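The block underneath contains the structure these notes are about, expressed in structure tokens.
What you are looking at is a predicted structure, and each value in this text was computed from that prediction instead of being measured.
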2 protein chains.
Amino acid sequence: MYYYSIYICPMYSKELLKGTLSAIILNLLSENKRMYGYEISQIVKELSDDKVLLKDGSLYPALQKMTKDGLVTFEEEYIGKRVRKYYTLTPKGNEEKITYLKELKDFMATLNVLVFNETKFA
Amino acid sequence: MYYYSIYICPMYSKELLKGTLSAIILNLLSENKRMYGYEISQIVKELSDDKVLLKDGSLYPALQKMTKDGLVTFEEEYIGKRVRKYYTLTPKGNEEKITYLKELKDFMATLNVLVFNETKFA
DNA sequence: AGTAATACATCACAAATCTATGTATTATAT
DNA sequence: ATATAATACATAGATTTGTGATGTATTACT
């Protein structure tokens with residue numbers, strides 16, 4: 001027999017995360033060198049104080065796509081009979097991380113002007 | 001005969017805007033009381049230094065949805081033979097603006113922790 | 001023994017925006 | 001005068017991303 005955890009509603013409207021998930025993953029892999037999927041979801045949960053709860057259906061496909069795109073590679077490891085896929089950034093993934101985070105930072109600055117009425121000359 | 005402007009590629013990856021477009025519109029209407037669609041797209045272009053270029057296909061449907069949801073109302077005005085739809089925030093739209101901007105600000109703080117490694121205790 | 005947590009996966013679906021169109025008026029430059 | 005650019009709205013199909021609902025299986029805790 002197997003069981004399901006109850007579904008916990010994420011704090012933010014679903015759309016906000018869009019476009020930022022890969023940035024989050026890229027940065028975590030850059031900071032920690034080597035992580036597996038479940039570990040990533042737990043770290044994100046912890047760092048966000050349970051506000052960002054990555055779903056399996058978001059995380060694993062994202063990691064698969066990043067693998068296909070050559071941004072990360074993985075090695076399988078067995079903990080007993082249970083498999084873990086440890087992901088690491090490739091050089092291309094590291095470049096992507098740099099340009100993507102720069103773009104995200106810039107976008108957030110723009111948002112501060114558009115939505116929080118910060119002056120452009122700050 | 002009619003003509004089309006060339007397509008100018010927006011600076012940011014398309015996905016980043018998701019979930020923030022309505023926040024942008026809500027805030028602009030809150031700041032300016034009364035705006036029409038084309039005006040909104042121009043202000044956004046200007047405030048973002050040409051980095052956020054709202055497409056007709058994004059903006060007008062968004063305004064229509066916000067109207068349907070009771071967040072805004074509009075009045076038509078004719079400038080010569082050309083129509084303008086001036087939008088204003090409803091009380092409901094104003095409430096939505098407040099809660100949504102709060103959520104967005106909080107999300108951006110969370111992103112700073114997740115992506116830019118800010119400490120949680122700042 | 002039963003439940004919760006760990007650890008992966010897939011797929012139909014929803015939501016939002018984009019791209020490509022369409023129509024029409026008015027201003028500007030040549 | 002006339003071609004172009006800017007103004008001002010609109011819709012529809014395609015795309016993208018993350019969700020929700022499943023599925024399978026092992027290990028830890030109570």
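- Separating the OH atom of A:Y38 from the P atom of C:dA9 is a distance of 15 Å, rounded to the nearest angstrom.
- The nucleotide whose nearest atom lies closest to any side-chain atom of A:L21 is, among D:dG18, C:dT10, D:dT17, D:dG18.
- The distance between atom CG of A:L63 and atom P of D:dT17, rounded to the nearest whole Å, is 14 Å.
- Under the 3.5 Å distance criterion, the side-chain polar atoms of A:N27 are matched with a main-chain donor or acceptor of B:L114.
- Mapping B:Y36 and B:Q64 onto DNA chain D by nearest heavy atom places B:Y36 closer to the 5' end of the strand.
- In this structure, the separation between OG on B:S22 and CG on B:L104 is 9.0 Å, given to the nearest 0.5 Å.
- Between the C1' atom of C:dA4 and the NZ atom of A:K45 lies a distance of 13 Å, rounded to the nearest Å.
- Between the side chain of B:K81 and the main chain of B:I79, no donor-acceptor pair closer than 3.5 Å is present.
- Taking atom CD1 of residue B:I40 and atom P of nucleotide D:dA10, one finds them 12 Å apart after rounding to whole Å.
- Residue A:Y60 has a polar side-chain atom (N or O) positioned under 4.0 Å from OP1 or OP2 of C:dC8.
- Note that the CG atom of B:L47 and the CD atom of A:E118 stand 12.0 Å from one another [nearest 0.5 Å].
- Going from atom NZ of B:K65 over to atom P of C:dA15 covers 8 Å, rounded to whole Å.
- Nearest-nucleotide positions on DNA chain C place A:E39 closer to the 5' end than the other of A:E15 and A:E39.
- Residues from residues 92-100 of chain B that place a heavy atom under 4.0 Å from any atom of DNA chain D: there are none.
- What separates CG of A:L54 from P of D:dG20 is a distance of 12 Å, to the nearest Å.
- Scanning residues 74-88 of chain B for heavy-atom distances under 4.0 Å to DNA chain D yields B:R82, B:V83, B:R84, B:K85.
- Separating the CG atom in A:L29 from the CD1 atom in A:I24 is a distance of 12.0 Å, to the nearest 0.5 Å.
- Here the P atom of nucleotide D:dT7 and the CD1 atom of B:I43 are 12 Å apart, to the nearest Å.
- For B:D56, taking side-chain heavy atoms from C-beta onward, the closest of the listed nucleotides D:dT11, D:dC9, C:dC8 is D:dC9.
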Exercise answer: donor-acceptor pairs, residues 59-74 of chain B side-chain atoms, under 3.5 Å, sequence neighbours excluded:
residue	atom	partner	partner atom	Å
B:K65	NZ	B:D69	OD2	2.8
B:T67	OG1	B:L63	O	2.7
B:T73	OG1	B:T88	OG1	3.2

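- The separation between A:K18 atom NZ and C:dT17 atom P is 9 Å, rounded to whole Å.
- One finds the CD atom of B:E15 at 10.5 Å from the OG1 atom of A:T20 (value rounded to the nearest 0.5 Å).
- With distances taken from any side-chain atom of B:L17 to the nucleotides D:dG18, C:dT17, D:dA8, the minimum falls on C:dT17.
- Panel note: side chain A:K33, backbone A:E31; no donor-acceptor pair is recorded below 3.5 Å.
- To the nearest 0.5 Å, atoms CG (B:L16) and CG (A:L111) are separated by 8.5 Å.
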